[in-house]
J.: 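I am attaching a structure below and will ask some questions about it afterwards.
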Amino acid sequence: MSRLLALLGRETALAWGRGGGPLVAVGFYAGVATLLPLAIGPEPQRLAAIATGAAWVALALASLLSLERLFERDYEDGALDLLTLSPTPLELTCFVKCLGQWLATGAPLAAAAPVAALGLGAPLELAPLIFGCALLGGLAFAFMGGIGAALSLGARRGGLLTAVIVLPLFAPPVIFGGGAMDSFVSGLPWRGGLALLGAYAAAAVALGPLAMAAACRNALS
Amino acid sequence: MHANAKLSKRLADRVISHLQLRNTAIRRGGRLLFQDVCLDLQAGEACALTGPNGSGKTSLLRAVAGLVTLDAGDITFGDLDPTEARGDGLHLVGHADGLKAARTAREELAFWTRWCGGGDFGAAADALELTALLDLEVRRLSAGQRRRLALARMLAAPRTLWLLDEPLSPLDARWRGRLSQLMQTHLDGGGMILAAVHDPLPVASRSLELSA
């Protein structure tokens with residue numbers, strides 16, 4: 001346990017500093033959320049209609065930013081070898097790494113998501129749901145993203161490859177979360193979408209580490 | 001020398017008493033690196049692994065650590081289960097030391113000591129004369145100091161089998177001598193060492209040559 005706590009502390013610290021850390025991710029997020037109204041036009045009705053969707057897609061893109069380095073840096077400098085040589089199963093190690101990724105970038109992005117959506121004209125009552133969806137979605141993005149990051153180990157331009165592998169896996173949470181928020185705004189039942197998002201996040205957390213560990217072992221051998 | 005005495009106090013719970021490689025072969029990228037390599041290493045013995053560049057020394061060390069799969073043959077750790085033996089019975093020190101350049105030596109040593117199940121790293125840092133350097137970022141350390149940090153990590157969590165990939169190369173003459181003493185202490189305490197080297201390894205009681 002002390003071992004995993006030490007790893008979580010280290011991973012969070014590394015993710016915090018990785019490529020500028022959460023500030024850059026949040027900055028990128030703010031940038032994408034600002035560009036969209038510039039492309040679509042400033043009419044408030046039109047913006048309000050796409051506000052939640054835009055904020056949600058921008059969140060998925062911003063989650064990609066630091067994924068590239070999640071395993072690659074440890075792979076390149078040999079730390080992954082040493083993390084493997086431990087009584088702790090590699091699956092658990094991967095789980096903790098993704099949890100650190102979520103704490104360091106997913107949580108700050110989730111805090112920024114309601115702000116971006118409100119800025120685009122989403123109704124205020126929606127803010128808690130956006131935050132909740134962003135937290136759950138961030139968990140799915142981190143754990144599904146980890147699979148892509150582990151699979152692209154050792155590849156040239158691994159970051160791009162990670163994005164190509166991971167974006168299709170991001171589709172279900174984007175659909176479920178977007179659906180929940182849309183239903184909420186139109187006064188329809190929205191809990192179903194949130195439950196599906198939660199189920200997807202739970203599946204990602206449970207199954208992702210198995211795939212990541214297998215991909216890491218494959219990259220090391 | 002008192003630091004040495006402290007370090008040799010006790011090896012980890014999981015003591016590997018016997019390392020055996022039987023007719024091992026490794027193929028990398030379709031090319032056969034070596035085949036029919038056998039080795040029998042008992043507690044207290046060190047083996048120097050020699051051979052030209054590209055002959056598979058690093059791959060052999062990584063195969064013992066379980067990171068590379070064998071093409072043929074097998075590796076056994078006495079009567080221990082290989083997964084358990086590799087989990088907390090051996091240390092691997094290679095060219096890629098896993099130390100993060102942006103973190104301080106103290107942060108890195110503290111983390112790895114905890115990760116490897118060691119207790120206090122103070123004695124290990126003393127033995128490698130790193131105490132004054134601990135607050136520097138790893139990027140500020142020279143190659144030799146960095147290697148000493150990797151070695152301190154190894155000493156801080158006692159494990160039986162040391163797999164060393166050219167441990168001497170970045171070290172100066174004084175530290176080569178000092179490392180030999182540390183290795184001897186480890187062997188005297190019932191440890192085992194398998195080291196890939198280009199220069200003679202004074203503590204090695206046997207050698208294994210891989211030909212390209």
Side-chain angles (χ1 to χ4, degrees), chain A residues 1-24 66 69-97 100-101 104 150 153-155 213-221, chain B residues 12-14 26-29 58-59 61-71 81-104 107-119 137-139 146 150 153-154 157 159 161-163 165:
Chain A
M1 207 53 213
S2 130
R3 202 175 250 138
L4 292 179
L5 283 179
L7 180 65
L8 184 63
R10 168 189 158 97
E11 286 304 322
T12 314
L14 286 174
W16 200 264
R18 186 157 47 210
L23 283 181
V24 171
S66 53
R69 306 296 281 160
L70 180 59
F71 289 104
E72 196 177 67
R73 192 154 60 170
D74 283 340
Y75 172 72
E76 280 168 0
D77 69 13
L80 201 54
D81 294 349
L82 302 172
L83 290 175
T84 309
L85 292 179
S86 157
T88 306
L90 190 53
E91 288 77 8
L92 209 51
T93 306
C94 293
F95 170 84
V96 172
K97 283 180 79 71
Q101 166 81 7
L153 277 181
C216 286
R217 286 202 186 92
N218 183 48
L220 287 175
S221 70
Chain B
D13 307 333
R14 193 113 36 215
I26 293 182
R27 196 178 284 280
R28 304 293 279 161
T58 300
S59 295
L61 289 177
R62 291 174 66 81
V64 173
L67 297 168
V68 164
T69 39
L70 292 174
D71 201 44
D81 172 65
T83 313
E84 287 181 0
R86 285 165 176 149
D88 56 6
L90 59 82
H91 276 297
L92 175 68
V93 177
H95 302 289
D97 52 23
L99 299 166
K100 293 281 181 281
R103 307 225 311 157
T104 65
E107 286 171 334
E108 283 296 273
L109 190 53
F111 166 71
W112 285 114
T113 305
R114 269 180 88 183
W115 182 254
C116 297
E137 286 179 0
V138 171
R139 74 170 95 246
R146 227 178 131 131
R153 164 175 70 194
M154 186 175 77
R159 291 182 173 184
L161 175 59
W162 290 1
L163 303 172
D165 198 355

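In what follows, every chain begins at residue 1, and chains take the letters A, B, ... in the order their sequences are listed.
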J.: Do you know which of B:His91, B:His95, B:Arg28, B:Arg103 has the most heavy-atom pairs with chain A at a distance under 4.5 angstrom?
T.: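 If we count pairs closer than 4.5 Å to chain A, B:Arg103 comes out on top.
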J.: For B:Ala110, is there any backbone N or O sitting under 3.5 Å from a side-chain donor or acceptor partner on B:Arg153?
T.: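 No, because the side chain of B:Arg153 does not come within donor-acceptor range (under 3.5 Å) of the backbone of B:Ala110.
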J.: Taking NZ, NE, NH1 and NH2 as the nitrogens, is one of them in A:Arg217 or A:Glu91 under 4.0 Å from a carboxylate oxygen of the other?
T.: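 Yes, charged N to carboxylate O under 4.0 Å.
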J.: Taking side chain as everything from C-beta outward and backbone as N, CA, C, O, which of these in B:Ala65 sits under 4.5 Å from a heavy atom of chain A? Side chain, backbone, both or neither.
T.: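 Looking at B:Ala65, backbone and side chain both touch chain A.
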J.: Indicate the ring-plane relationship of B:Trp115 and B:Trp112, choosing parallel, tilted or perpendicular according to the 30° and 60° boundaries.
T.: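 The arrangement is perpendicular - the two ring planes meet at more than 60°.
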J.: Given heavy-atom pairs under 4.5 angstrom as the criterion, report whether the side chain, backbone, both or neither of B:Arg62 touches chain A.
T.: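 B:Arg62 touches chain A through side-chain heavy atoms alone.
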J.: What part of A:Leu83 lies closer than 4.5 angstrom to a heavy atom of chain B: side chain, backbone, both or neither?
T.: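 A:Leu83 touches chain B through backbone and side-chain heavy atoms alike.
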J.: Whether A:Arg10 and A:Asp74 form a salt bridge (side-chain N of Lys/Arg under 4.0 Å from carboxylate O of Asp/Glu) is what I want to check.
T.: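 The answer is yes: the pair qualifies as a salt bridge.
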J.: Let's test your reading of the structure: which of A:Leu4, A:Thr84, A:Leu7, A:Leu5 forms the most heavy-atom pairs below 4.5 Å with chain B?
T.: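 Max contact count across the listed options: A:Leu7.
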J.: Select one option (side chain, backbone, both, neither) describing which atoms of B:Glu107 are under 4.5 Å from chain A's heavy atoms.
T.: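 Contact with chain A involves no heavy atom of B:Glu107 at all.
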J.: With respect to A:Leu14, which candidate in A:Arg73, A:Gln101, A:Arg69 satisfies the side chain to side chain contact (heavy atoms under 4.5 Å, CB included) definition?
T.: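 One option only clears the test, and that one is A:Arg73.
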